[in-house]
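What follows is a single structure, written as structure tokens, with notes after it.
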Amino acid sequence: TCAILATLTLGVGSSRPTRAGVSNSFWWQEERYTDGSKWRFLEHKGPVFVPAYEPLPEKVKFYYNGKPMKLSAPAEEVATFFAKMLDHEYTTKDIFRKNFYKDWRKEMTSEEKSIITDLKKCDFSEMNEYFKAQSEARKQMSKEEKQKIKEENERLLSEYGFCIMDNHRERIGNFRIEPPGLFRGRGDHPKMGMLKRRIRPEDVIINCSKDSKHPKPPPGTKWKEVRHDNKVTWLASWTENIQGSIKYIMLNPSSRIKGEKDWQKYETARRLKKCVDRIRTQYREDWKSKEMRIRQRAVALYFIDKLALRAGNEKEEGETADTVGCCSLRVEHIKLFPKMDEQEYVVEFDFLGKDSIRYYNKIPVEKRVFKNLQLFLENKQPEDDLFDRLNTSILNKHLQELMDGLTAKVFRTYNASITLQQQLKELTCCDDSIPAKLLSYNRANRAVAILCNHQRAPPKTFEKSMQNLQTKIDEKQNQLSAARKQLKAAKANHKASHDDKSKKAVEVKRKAVQRIEEQLMKLQMQATDREENKQIALGTSKLNYLDPRISVAWCKKWGVPIEKIYNKTQREKFAWAIDMAEKDYEF
DNA sequence: CTACAGACTTGTGTCCATTTCC
DNA sequence: GGAAATGGACACAAGTCTGTAG
């Protein structure tokens with residue numbers, strides 16, 4: 001930070017009440033804006049654009065109906081997008097093909113349109129092979145060539161990858177404009193295959209402060225607009241053509257603007273901790289309400305609290321994949337079982353959530369919840385809303401009344417963080433080794449990931465890598481017994497001779513045994529951890545739901561180096577927490 | 001209330017560099 | 001030395017939530 005601040009050439013405008021000019025000030029030691037403004041000074045170079053399309057070499061041909069056909073540059077470019085994806089399952093899907101074909105035709109000349117009338121008769125395979133060869137060639141490049149590319153990337157990063165916001169030089173998150181290509185939605189997306197068009201400077205709005213050096217558009221082009229809105233955090237934006245939504249260029253998570261917000265998020269969750277009992281009592285009471293909308297609200301909130309479900313905004317039908325959250329659950333997504341196995345009042349959830357990830361869970365609920373659900377289901381079709389008198393806006397308005405700043409997602413943050421803290425308390429044994437403590441940490445993290453339904457497909461190489469690890473463990477075990485034998489022999493030898501040399505030998509062997517024991521244990525911990533982690537992804541919860549101060553405090557308390565928990569990027573993002581949290585921090 | 005724009009967070013998949021393995 | 005495994009960085013899609021207009 002010192003170096004960074006020293007090089008600042010801020011104009012006026014650094015009247016943000018900070019320790020401006022103090023070289024080692026961290027943003028979390030500074031005062032915050034109270035008027036809703038996000039910055040006073042903002043200077044950057046604008047985004048990096050995708051290079052213009054380079055037509056294919058003459059020899060690489062596209063064939064229609066078996067005959068080579070030279071395409072116009074615009075049509076060829078879009079064709080290459082498809083050709084690059086030939087190995088992907090996407091290109092076999094009807095919707096993908098239909099959407100692609102429709103958008104491709106828009107790029108064709110009228111002559112091309114008249115010739116190309118059937119996608120099935122299009123042969124992109126030569127193009128596909130060309131791109132494969134290209135990427136192969138890239139892998140085969142010499143060290144020098146690779147180094148050159150690396151340096152060019154670093155140059156681009158240093159020029160465009162940073163901005164100055166108030167008194168800090170900050171890393172920009174995504175300073176590159178998204179390249180054109182074919183849209184790949186997740187799940188069953190109705191728009192998959194559509195052409196994502198090329199973004200030009202004329203599409204881009206720049207946001208910076210008036211008194212900054214404005215970014216220059218590439219030669220011969222203009223920005224759509226240059227504005228100076230310090231109530232928002234983005235540096236540039238454009239409207240994307242698939243959903244018509246706005247894309248932004250914003251700062252890296254290590255930045256003040258993101259860090260402050262993140263910190264604030266956890267403070268809100270901590271305030272929920274103080275009143276969550278009251279809120280729980282209230283919604284249980286509301287299960288008995290005379291009003292349907294209140295009962296629905298109370299049951300939905302119970303699910304959000306107990307199961308960490310997302311809020312579930314309404315979505316425009318046909319625009320996106322059919323996924324739901326709590327408030328948008330439909331009748332077809334739950335099943336009620338008055339009795340199941342040993343349990344009473346079991347609800348089975350089965351639906352596609354965010355990113356079309358399946359949520360499947362069977363949970364026993366209170367009788368009153370169960371009876372309410374039966375009531376909500378009465379006279380409804382499978383595709384009807386379960387909570388027909390509720391949406392996220394109603395729910396959040398209610399939550400706002402219960403606590404300032406409370407929204408549905410705060411429950412996810414709160415429950416995730418409190419679970420981590422409880423699990424850490426429960427699982428950590430003070431005289432465990434560091435690897436054992438790390439296993440406990442990962443187990444606590446895992447409990448959260450399971451709660452939040454952060455699944456992953458088991459890695460393709462999972463079984464094999466488990467086997468490899470087991471082999472290592474077996475080898476280590478053999479080593480250990482060998483070392484133990486040697487120790488025994490050394491002891492016997494020492495007993496016989498009683499000299500210094502043999503005594504030393506015993507010590508050496510003892511150390512060796514100890515070392516191997518440690519290594520073995522470490523491997524065993526690793527194996528357990530990996531096995532338990534087969535279908536669980538820890539990253540998302542670690543990055544977005546767990547108050548980092550809990551982890552930092554845990555590390556300090558047990559003498560675990562922070563690097564064992566957070567990698568470099570994560571340490572940058574959580575620098576505020578690493579600096580602030582002491583070993584007695586309580587979420 | 002509904003619809004929509006806008007801003008920001010959360011989430012997965014993929015690419016790529018580094019490490020590990022043989 | 002090269003191939004395979006691994007983990008981090010990045011891309012960008014898909015959510016949440018707020019505000020505003022009608």
Side-chain angles (χ1 to χ4, degrees), chain A residues 36 38 88 135 138-140 146 149-150 153 157 161 171-179 181 183-187 189 191-192 196 205 207 229 231-234 237 239-240 242-253 257-258 261-262 264-265 304 309-316 319-321 323-328 352-357 391-397 399-400 405-413 416 449 452-457 459-462 464-466 468-469 471-472 526 530 537-545 566-573:
Chain A
K38 306 290 169 71
H88 205 288
S135 79
R138 226 170 301 132
K139 274 182 214 154
Q140 298 302 323
K146 281 185 181 168
I149 291 174
K150 203 174 165 191
N153 279 334
L157 174 68
R171 190 65 202 277
I172 298 171
N174 54 328
F175 56 93
R176 287 166 201 275
I177 294 279
E178 293 176 16
F183 176 76
R184 308 148 81 130
R186 302 205 231 262
H189 199 115
K191 298 194 171 185
M192 63 169 77
K196 214 173 92 162
I205 303 173
N207 193 31
D229 182 358
K231 303 283 186 226
V232 297
T233 68
W234 51 268
S237 73
T239 302
E240 150 272 347
I242 303 289
Q243 321 274 359
S245 64
I246 308 169
K247 298 265 188 167
Y248 302 93
I249 290 188
M250 289 184 187
L251 298 193
N252 185 276
I257 204 94
K258 294 289 184 191
K261 203 68 190 298
D262 207 37
Q264 192 188 356
K265 172 180 79 186
I304 285 171
L309 299 191
R310 295 187 189 83
N313 283 312
E314 290 122 297
K315 315 205 297 179
E316 212 174 329
E319 294 291 300
T320 60
T323 63
V324 296
C326 185
C327 294
S328 50
L352 297 183
K354 182 175 178 179
D355 292 310
S356 295
I357 299 290
N391 60 39
T392 54
S393 158
I394 296 170
L395 178 64
N396 279 333
K397 220 160 265 159
L399 293 176
Q400 193 60 241
L406 187 60
T407 62
K409 84 189 185 84
V410 179
F411 282 88
R412 241 167 113 81
T413 312
C452 294
N453 197 41
H454 292 141
Q455 305 183 18
R456 63 166 185 178
K460 284 178 226 76
T461 55
F462 185 83
K464 192 156 173 244
S465 88
M466 270 327 274
N468 287 346
L469 203 51
T471 314
K472 272 187 177 174
Q526 233 178 51
R530 195 176 296 181
L538 300 184
T540 302
S541 53
K542 203 174 195 177
L543 228 49
N544 298 303
Y545 290 105
Y566 291 137
N567 67 32
K568 185 166 144 282
T569 325
Q570 293 164 339
R571 291 199 299 277
E572 280 165 13
K573 168 167 178 169

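To find a chain, count down the sequence lines: A is the first, B the second, and so on, and within it residues start at 1.
- With rounding to whole Å, A:Phe175 atom CZ is found 8 Å from C:dC10 atom P.
- For A:Lys247 and C:dA13, the shortest distance from a side-chain N or O to OP1 or OP2 is below 4.0 Å.
- An OP1 or OP2 oxygen of C:dA11 is reached within less than 4.0 angstrom by no side-chain nitrogen or oxygen of A:Asn174.
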With side-chain contact (heavy atoms from CB on, under 4.5 Å) as the test, would you mind laying out the steps for A:Leu395 and A:Ile304 before giving the verdict?
CA-CA 11 Å; A:Leu395 178 64; A:Ile304 285 171; 3.5 Å; yes
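- In this structure, A:Asn252 and A:Gln243 both approach DNA chain C, and ranking their closest nucleotides by distance from the 5' end singles out A:Asn252.
- Look at A:Arg184 and you won't find any side-chain N or O under 4.0 angstrom from OP1 or OP2 of C:dA14.
- Side-chain contact check for A:Thr233 and A:Lys258: no donor-acceptor pair (N or O, by modelled atom type) lies under 3.5 Å.
- Rounded to whole Å, the distance from CG on A:Asn391 to C1' on C:dC17 is 12 Å.
- Ring geometry for A:His189 against A:Phe183 counts as perpendicular: the plane angle is over 60°, on a 0 to 90° scale with 30° as the lower cut.
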Please walk me through it: do A:Leu399 and A:Phe411 pass side-chain contact (heavy atoms from CB on, under 4.5 Å)?
CA-CA 11 Å; A:Leu399 293 176; A:Phe411 282 88; 3.9 Å; yes
Can you give one letter per nucleotide of nucleotides 4-12 of chain B, 5' to 3': B if a protein heavy atom sits under 4.0 Å from the base, S if only from the sugar-phosphate, - if neither?
--SBBSBBB
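- We find that CD1 of A:Ile249 is positioned 11 Å from P of C:dC12, with the value rounded to whole Å.
- Annotation: side chain of A:Asp262 is in contact with side chain of A:Lys265 (closest heavy-atom distance under 4.5 Å).
- For the OP1/OP2 pair of C:dA13 and a distance below 4.0 Å, the side-chain nitrogens and oxygens of A:Lys191 include no atom meeting the criterion.
- Rounded to whole Å, atom C1' of B:dT18 lies 14 Å from atom CG of A:Asn567.
- Atom NZ of A:Lys315 is separated from atom C1' of B:dA3 by 17 Å (rounded to the nearest Å).
- Residue contacts for A:Ser393: at a heavy-atom cut-off of 4.0 Å it reaches no nucleic acid atom on any strand shown.
- Within the 3.5 Å criterion, the main-chain N or O of A:Ala321 finds a donor-acceptor partner in the side chain of A:Lys315.
- Using a 4.0 Å heavy-atom criterion, one finds that A:Lys196 contacts the sugar-phosphate atoms exclusively.
- Following rounding to the nearest Å, A:Arg176 (CZ) and C:dA11 (C1') show an atom-to-atom distance of 11 Å.
- Taking only side-chain nitrogens and oxygens, A:Asn313 never comes nearer than 4.0 Å to OP1 or OP2 of C:dG15.
- Across the protein-nucleic acid pair, A:Glu572 atom CD and C:dC10 atom P stand 10 Å apart, rounded to whole Å.
- The side chain of A:Thr392 places no N or O atom within less than 4.0 Å of a non-bridging phosphate oxygen (OP1 or OP2) of C:dT16.
- Nearest-nucleotide positions on DNA chain C for A:Lys568 and A:Thr323 put A:Lys568 closer to the 5' end.
- Residue A:Arg571 is classed as having no contact, given no heavy-atom separation below 4.0 Å to the nucleic acid.
- Put simply, CG on A:Asn396 is 14 Å from P on B:dC1, counting in whole angstrom units.
- Residues A:Gly161 and A:Phe175 come closest through the heavy atom pair CA-CD2, 3.6 Å.
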From CA spacing to verdict: side-chain contact (heavy atoms from CB on, under 4.5 Å), A:His88, A:Arg184
CA-CA 11 Å; A:His88 205 288; A:Arg184 308 148 81 130; 3.7 Å; yes
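- Residue-level contact check: A:Gly312 touches the backbone only, with heavy atoms under 4.0 Å from sugar-phosphate atoms and none from bases.
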